[in-house]
Amino acid sequence: MRDLVYPPVIGFAKTAFKVLDLKFQLTGTENVPRTGGAVIAMNHISYVDFVLGGFGALPSKRLVRFMAKEVLFRSRVSGSLMRGMHHIPVDRAAGTASYRQAIEYLNAGEVVGVFPEATISRSFELKEFKSGTVRMAAEAAVPVLPMILWGTQRILTKDHPRDFSRHRTIAITVGEPITVTADDDPAEATAHLRSTMAGMLDRTIRAYPERPAGAWWLPASYGGSAPTPEEAERLDREELARRAARKK
(Lines give C-alpha, C1' and ligand atoms only; values in the text may rest on other atoms or scores of the structure.)
Protein backbone atom coordinates (compact mmCIF):
# COMPACT_ATOMS: atom_id res chain seq x y z
CA MET A 1 0.00 0.00 0.00
CA ARG A 2 1.13 3.53 -0.72
CA ASP A 3 1.03 5.42 2.58
CA LEU A 4 1.04 9.12 1.77
CA VAL A 5 -1.33 10.06 4.61
CA TYR A 6 -0.28 7.80 7.50
CA PRO A 7 3.31 9.11 8.04
CA PRO A 8 2.32 12.79 8.43
CA VAL A 9 -0.56 11.81 10.73
CA ILE A 10 1.93 9.90 12.89
CA GLY A 11 4.21 12.95 12.89
CA PHE A 12 1.33 15.15 14.03
CA ALA A 13 0.40 12.65 16.75
CA LYS A 14 3.97 12.47 18.05
CA THR A 15 4.06 16.26 18.25
CA ALA A 16 0.80 16.22 20.22
CA PHE A 17 2.25 13.58 22.55
CA LYS A 18 5.27 15.84 23.20
CA VAL A 19 3.09 18.89 23.81
CA LEU A 20 1.07 16.88 26.34
CA ASP A 21 4.29 15.42 27.72
CA LEU A 22 2.80 11.94 27.72
CA LYS A 23 4.94 9.34 29.48
CA PHE A 24 4.80 6.01 27.66
CA GLN A 25 5.18 2.80 29.62
CA LEU A 26 5.79 0.25 26.83
CA THR A 27 6.02 -3.47 27.54
CA GLY A 28 6.37 -6.33 25.05
CA THR A 29 6.33 -4.23 21.88
CA GLU A 30 9.01 -6.54 20.49
CA ASN A 31 6.21 -9.12 20.10
CA VAL A 32 4.83 -7.18 17.14
CA PRO A 33 6.32 -8.91 14.07
CA ARG A 34 8.34 -6.75 11.71
CA THR A 35 6.92 -8.52 8.67
CA GLY A 36 3.83 -10.51 7.79
CA GLY A 37 0.18 -10.31 8.70
CA ALA A 38 -1.12 -10.18 12.27
CA VAL A 39 -4.27 -9.25 14.15
CA ILE A 40 -3.79 -6.93 17.12
CA ALA A 41 -6.62 -7.35 19.65
CA MET A 42 -6.99 -4.33 21.96
CA ASN A 43 -9.14 -3.52 24.96
CA HIS A 44 -11.39 -0.50 24.42
CA ILE A 45 -11.56 2.18 27.13
CA SER A 46 -11.49 5.48 25.23
CA TYR A 47 -12.13 7.32 21.98
CA VAL A 48 -8.39 7.71 21.36
CA ASP A 49 -7.46 4.03 21.63
CA PHE A 50 -6.89 3.67 17.90
CA VAL A 51 -4.37 6.54 17.96
CA LEU A 52 -2.40 5.28 20.94
CA GLY A 53 -2.84 1.61 20.09
CA GLY A 54 -1.13 2.21 16.76
CA PHE A 55 1.77 3.78 18.65
CA GLY A 56 2.44 0.38 20.24
CA ALA A 57 3.34 -1.07 16.82
CA LEU A 58 5.74 1.69 15.80
CA PRO A 59 8.84 0.17 17.48
CA SER A 60 8.48 -2.68 14.96
CA LYS A 61 7.93 -0.13 12.17
CA ARG A 62 4.42 -1.41 11.48
CA LEU A 63 1.32 0.56 10.52
CA VAL A 64 -1.94 -0.75 11.95
CA ARG A 65 -5.08 -0.82 9.77
CA PHE A 66 -7.94 -0.40 12.22
CA MET A 67 -11.43 -1.77 11.84
CA ALA A 68 -13.55 1.28 12.78
CA LYS A 69 -17.14 2.45 12.72
CA GLU A 70 -18.37 3.26 9.24
CA VAL A 71 -19.67 6.65 10.42
CA LEU A 72 -16.08 7.89 10.76
CA PHE A 73 -15.63 7.38 7.02
CA ARG A 74 -18.62 9.58 6.14
CA SER A 75 -17.16 12.82 7.51
CA ARG A 76 -15.43 15.07 4.98
CA VAL A 77 -12.40 15.46 7.25
CA SER A 78 -12.07 12.19 9.18
CA GLY A 79 -13.32 10.16 6.20
CA SER A 80 -10.48 11.24 3.93
CA LEU A 81 -7.96 10.55 6.69
CA MET A 82 -9.39 7.12 7.50
CA ARG A 83 -9.40 6.10 3.85
CA GLY A 84 -5.93 7.57 3.31
CA MET A 85 -4.56 5.44 6.15
CA HIS A 86 -6.31 2.37 4.68
CA HIS A 87 -8.43 1.68 7.74
CA ILE A 88 -11.43 -0.63 7.37
CA PRO A 89 -15.01 0.69 7.69
CA VAL A 90 -17.32 -1.55 9.74
CA ASP A 91 -21.07 -1.48 9.17
CA ARG A 92 -22.57 -3.49 12.02
CA ALA A 93 -25.70 -4.17 9.97
CA ALA A 94 -23.62 -5.71 7.18
CA GLY A 95 -20.28 -6.83 8.57
CA THR A 96 -19.33 -9.36 5.89
CA ALA A 97 -17.69 -6.77 3.61
CA SER A 98 -15.40 -5.43 6.36
CA TYR A 99 -14.52 -8.96 7.45
CA ARG A 100 -13.51 -9.89 3.89
CA GLN A 101 -11.48 -6.70 3.52
CA ALA A 102 -9.64 -7.49 6.76
CA ILE A 103 -8.82 -10.97 5.46
CA GLU A 104 -7.45 -9.43 2.23
CA TYR A 105 -5.25 -7.08 4.25
CA LEU A 106 -3.96 -9.93 6.43
CA ASN A 107 -3.20 -12.08 3.39
CA ALA A 108 -1.26 -9.14 1.97
CA GLY A 109 0.92 -9.03 5.10
CA GLU A 110 -0.77 -6.10 6.85
CA VAL A 111 -1.41 -5.66 10.59
CA VAL A 112 -5.11 -5.25 11.37
CA GLY A 113 -6.27 -3.67 14.64
CA VAL A 114 -9.47 -4.99 16.24
CA PHE A 115 -11.46 -4.17 19.38
CA PRO A 116 -13.06 -7.53 20.33
CA GLU A 117 -15.38 -5.79 22.81
CA ALA A 118 -16.80 -3.71 19.91
CA THR A 119 -17.68 -0.79 22.23
CA ILE A 120 -15.99 1.22 24.96
CA SER A 121 -16.07 -0.37 28.42
CA ARG A 122 -17.52 2.02 30.98
CA SER A 123 -16.15 -0.14 33.81
CA PHE A 124 -12.66 -0.09 32.21
CA GLU A 125 -12.62 -3.86 32.70
CA LEU A 126 -13.06 -6.27 29.81
CA LYS A 127 -16.53 -6.72 28.35
CA GLU A 128 -17.54 -9.88 26.51
CA PHE A 129 -15.57 -10.52 23.31
CA LYS A 130 -16.91 -11.06 19.80
CA SER A 131 -15.44 -14.09 18.00
CA GLY A 132 -14.54 -12.26 14.78
CA THR A 133 -10.97 -11.59 15.94
CA VAL A 134 -9.98 -15.24 16.26
CA ARG A 135 -12.01 -16.28 13.22
CA MET A 136 -10.20 -13.89 10.89
CA ALA A 137 -6.81 -14.84 12.35
CA ALA A 138 -7.57 -18.53 11.77
CA GLU A 139 -8.80 -17.96 8.22
CA ALA A 140 -5.77 -15.85 7.27
CA ALA A 141 -3.36 -18.12 9.19
CA VAL A 142 -1.82 -15.20 11.12
CA PRO A 143 -1.18 -14.74 14.86
CA VAL A 144 -3.32 -12.75 17.29
CA LEU A 145 -1.36 -10.22 19.33
CA PRO A 146 -3.13 -9.24 22.57
CA MET A 147 -2.60 -5.58 23.49
CA ILE A 148 -3.68 -3.72 26.61
CA LEU A 149 -4.03 0.06 26.77
CA TRP A 150 -4.25 1.91 30.06
CA GLY A 151 -4.45 5.62 30.82
CA THR A 152 -6.16 6.52 27.55
CA GLN A 153 -9.51 6.72 29.39
CA ARG A 154 -8.19 9.70 31.33
CA ILE A 155 -8.04 11.71 28.08
CA LEU A 156 -11.38 11.08 26.38
CA THR A 157 -13.97 8.44 27.18
CA LYS A 158 -17.70 7.96 27.65
CA ASP A 159 -19.61 9.95 30.29
CA HIS A 160 -16.63 12.19 31.13
CA PRO A 161 -15.37 15.52 29.72
CA ARG A 162 -12.20 15.48 27.66
CA ASP A 163 -9.07 16.20 29.65
CA PHE A 164 -5.82 17.09 27.91
CA SER A 165 -3.84 17.66 31.09
CA ARG A 166 -0.10 17.23 30.70
CA HIS A 167 2.32 14.67 32.18
CA ARG A 168 -0.03 11.67 31.98
CA THR A 169 1.26 8.10 31.72
CA ILE A 170 0.00 5.88 28.90
CA ALA A 171 0.71 2.18 29.38
CA ILE A 172 0.81 -0.16 26.39
CA THR A 173 1.37 -3.86 26.99
CA VAL A 174 1.75 -6.33 24.11
CA GLY A 175 1.51 -10.02 24.87
CA GLU A 176 3.08 -12.97 23.07
CA PRO A 177 1.46 -14.07 19.79
CA ILE A 178 -1.46 -16.48 20.07
CA THR A 179 -1.88 -19.06 17.32
CA VAL A 180 -5.41 -19.91 16.20
CA THR A 181 -6.12 -22.51 13.54
CA ALA A 182 -9.19 -23.52 11.57
CA ASP A 183 -9.44 -26.62 13.79
CA ASP A 184 -9.85 -24.54 16.96
CA ASP A 185 -13.30 -23.85 18.34
CA PRO A 186 -13.91 -20.07 17.92
CA ALA A 187 -15.73 -19.79 21.27
CA GLU A 188 -12.89 -21.52 23.14
CA ALA A 189 -10.23 -19.50 21.32
CA THR A 190 -12.10 -16.28 22.11
CA ALA A 191 -12.37 -17.25 25.78
CA HIS A 192 -8.62 -17.96 25.85
CA LEU A 193 -7.88 -14.57 24.27
CA ARG A 194 -10.09 -12.77 26.77
CA SER A 195 -8.56 -14.64 29.72
CA THR A 196 -5.06 -13.77 28.49
CA MET A 197 -5.95 -10.10 28.12
CA ALA A 198 -7.64 -10.03 31.53
CA GLY A 199 -4.38 -11.16 33.12
CA MET A 200 -2.45 -8.57 31.11
CA LEU A 201 -4.88 -5.83 32.14
CA ASP A 202 -4.45 -6.73 35.81
CA ARG A 203 -0.66 -6.61 35.55
CA THR A 204 -0.77 -3.32 33.62
CA ILE A 205 -3.05 -1.63 36.16
CA ARG A 206 -0.89 -2.83 39.07
CA ALA A 207 2.29 -1.57 37.35
CA TYR A 208 0.75 1.82 36.51
CA PRO A 209 2.38 4.61 38.56
CA GLU A 210 -0.97 5.92 39.85
CA ARG A 211 -3.87 4.12 41.55
CA PRO A 212 -5.60 6.78 43.69
CA ALA A 213 -8.49 5.48 45.78
CA GLY A 214 -11.84 6.61 44.43
CA ALA A 215 -10.50 7.78 41.05
CA TRP A 216 -13.26 7.81 38.43
CA TRP A 217 -10.93 6.23 35.86
CA LEU A 218 -10.01 3.27 38.10
CA PRO A 219 -12.19 0.12 38.12
CA ALA A 220 -14.29 -0.45 41.22
CA SER A 221 -12.48 -3.74 41.83
CA TYR A 222 -9.22 -1.77 42.22
CA GLY A 223 -10.64 0.79 44.63
CA GLY A 224 -11.84 3.28 42.02
CA SER A 225 -15.29 4.75 41.48
CA ALA A 226 -15.86 3.56 37.90
CA PRO A 227 -19.10 1.63 37.37
CA THR A 228 -18.95 -2.08 38.14
CA PRO A 229 -19.28 -4.33 35.06
CA GLU A 230 -22.92 -4.92 36.02
CA GLU A 231 -23.62 -1.19 36.36
CA ALA A 232 -21.80 -0.52 33.09
CA GLU A 233 -23.94 -3.11 31.33
CA ARG A 234 -27.09 -1.35 32.60
CA LEU A 235 -25.78 2.00 31.33
CA ASP A 236 -25.03 0.43 27.95
CA ARG A 237 -28.60 -0.90 27.70
CA GLU A 238 -30.00 2.52 28.57
CA GLU A 239 -27.81 4.13 25.92
CA LEU A 240 -29.01 1.68 23.28
CA ALA A 241 -32.63 2.34 24.28
CA ARG A 242 -32.12 6.09 23.88
CA ARG A 243 -30.60 5.59 20.43
CA ALA A 244 -33.51 3.39 19.39
CA ALA A 245 -35.99 6.00 20.63
CA ARG A 246 -34.25 8.75 18.64
CA LYS A 247 -34.41 6.65 15.47
CA LYS A 248 -38.15 6.17 15.93
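Heavy-atom basis, side chains included; hydrogens, waters and symmetry copies ignored. One is the number of the first residue; the rest follow in order along the sequence.
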Would you call V142 and V39 a side-chain contact if the rule is heavy atoms closer than 4.5 Å? yes
Tell me whether F124 is reachable from Y208 by hopping between hydrophobic residues (I, L, V, M, F, W, Y) whose side-chain heavy atoms are closer than 4.5 Å. yes
F115/F66 under side-chain contact (heavy atoms from CB on, under 4.5 Å): CA gap, chis, key distance, verdict: CA-CA 9 Å; F115 297 104; F66 283 93; 4.2 Å; yes
Does the pair R234/E230 count as a salt bridge with the N-to-O cut at 4.0 Å? no
Could you check if a side-chain atom of V174 sits within less than 4.5 angstrom of a side-chain atom of T27, using non-hydrogen atoms only? no
Report the C-alpha distance between M67 and S98 in whole Å, list the side-chain angles of each, state the deciding distance to 0.1 Å, and finish with yes or no for side-chain contact (heavy atoms from CB on, under 4.5 Å). CA-CA 8 Å; M67 299 186 76; S98 57; 4.1 Å; yes
Results of ring-ring contact (aromatic ring centres under 6.0 Å, His included) for Y6 - residues two or more places apart only: H87
Measure the shortest side-chain to side-chain distance between E110 and H86 over non-hydrogen atoms and say whether it is less than 4.5 angstrom. no
Assigning hydrophobic clusters by single linkage (Ile, Leu, Val, Met, Phe, Trp, Tyr; side-chain heavy-atom cutoff under 4.5 Å), is V90 placed with F50? no
Nearest 0.5 Å, please: how far is CZ in R211 from CZ in R206? 5.5 Å
So does E139 pair up with R100, basic N to acidic O under 4.0 Å? yes
Kindly indicate whether the side chain of K130, heavy atoms from C-beta on, has any atom under 4.5 Å from the side chain of P116. no
Give a yes or no on whether the backbone of P59 and the side-chain of T29 come within a donor-acceptor separation of less than 3.5 Å. no
Nearest heavy-atom contact between R122 and P227 is O-CD, 3.4 Å
With a cut-off of 6.0 Å (strictly less than), are more than 12 heavy atoms of other residues, nucleotides or ligands near CZ of R162? no
Taking all atoms of both residues into account, what is the closest heavy-atom pair of E117 and M42, and its distance? OE1-O, 4.3 Å
Has the side chain of S80 got a donor or acceptor atom that lies under 3.5 Å from a matching backbone atom of V77? yes
On a heavy-atom basis, which atom in M200 and which in T173 lie closest, and how many Å separate them? CE-O, 3.5 Å
Check whether any side-chain N or O of T181 sits under 3.5 Å from a backbone N or O of D183 as a donor-acceptor pair, and report yes or no. yes
Donor-acceptor contact present, side-chain Q153 to main-chain G151, <3.5 Å: yes
Are F164 and L22 linked, directly or through intermediate hydrophobic residues, by side-chain heavy-atom contacts shorter than 4.5 Å (ILVMFWY only)? yes
Within the 4.5 Å heavy-atom criterion, are V114 and V112 side-chain neighbours or not? yes
Does any part of the side chain of I170, heavy atoms only, come nearer than 4.5 Å to the side chain of Q25, both counted from C-beta? no
In terms of side-chain heavy atoms, does T169 have a donor or acceptor partner in E210 at a distance below 3.5 Å? no
Could you tell me whether R154 and D163 make a salt bridge, using a distance below 4.0 angstrom between a side-chain N and a carboxylate O? no
Can you tell me how far apart CG (L218) and CD1 (I205) are? Round to the nearest 0.5 Å. 6.5 Å
Less than 3.5 Å apart, which donor and acceptor atoms pair up between the side chains of residues 240-248 and the rest of the protein, not counting sequence neighbours?
from: R243; atom 1: NH2; to: E239; atom 2: OE2; distance (Å): 3.0

Identify the heavy atoms of E176 and P146 that sit nearest to each other, and give their distance. O-CD, 3.4 Å
Mark yes or no for whether H44, through its side chain, and L126, through its backbone, hold a donor-acceptor pair below 3.5 Å. no
Please give me the minimum heavy-atom distance between P33 and L145, naming the atom from each residue. CD-CD1, 3.4 Å
Using modelled atom types only, decide if a donor and an acceptor are shared between the side chain of D91 and the backbone of E70 within a distance under 3.5 Å. no
Does F55 have its ring centroid less than 6.0 Å away from the ring centroid of F17? yes
Evaluate whether atom CZ of R166 has more than 12 neighbouring non-hydrogen atoms of other residues, nucleotides or ligands under 6.0 angstrom away. yes
Determine yes or no for a side-chain-to-main-chain donor-acceptor pair under 3.5 angstrom, with T152 supplying the side chain and V48 the backbone. no
Taking it one step at a time, do V111 and Y105 satisfy side-chain contact (heavy atoms from CB on, under 4.5 Å)? CA-CA 8 Å; V111 176; Y105 277 23; over 6 Å; no
How long is the span from the CG atom in D49 to the CG atom in L149, to the nearest 0.5 Å? 5.0 Å
Can you confirm whether M85 sits close enough to D3 that some side-chain heavy atom of one is under 4.5 Å from a side-chain heavy atom of the other? no
Looking only at side-chain N and O atoms, does T190 offer a donor or acceptor that is under 3.5 Å from a partner on S131? no
Just so I know, are the side chains of S123 and P229 near enough to count as touching, which here means a heavy-atom distance under 4.5 Å? yes
As an exercise, state the distance from OG of S46 to CH2 of W150, rounded to the nearest 0.5 Å. 10.5 Å
Tell me whether D202 contacts the main-chain N or O of G199 through its side chain, where contact means a donor paired with an acceptor under 3.5 Å. no
Check whether S78 reaches the backbone of R74 with its side chain - one donor and one acceptor, N or O, closer than 3.5 Å. no
Is any side-chain N of the basic residue among K127 and D236 closer than 4.0 Å to the acidic one's carboxylate O? yes
One pair to check against side-chain contact (heavy atoms from CB on, under 4.5 Å): W216 and T157. What are the steps and the verdict? CA-CA 11 Å; W216 68 262; T157 192; 3.8 Å; yes
Single-linkage hydrophobic cluster L201~I155, side-chain heavy atoms < 4.5 angstrom: no
Check the hydrophobic clustering (I, L, V, M, F, W, Y; side-chain heavy atoms under 4.5 Å; chains of links allowed) and say if V9 and V64 are grouped together. yes
Keeping Y47 on the side-chain end and I120 on the backbone end, is there a donor-acceptor pair under 3.5 Å? no
In terms of heavy-atom contacts, D184 and T179 come closest through OD2-O, 4.2 Å
Here the gap from I10 atom CD1 to K14 atom NZ, rounded to the nearest 0.5 Å, amounts to 7.0 Å
State the CD-CE distance between Q101 and M136, to the nearest 0.5 angstrom. 10.5 Å
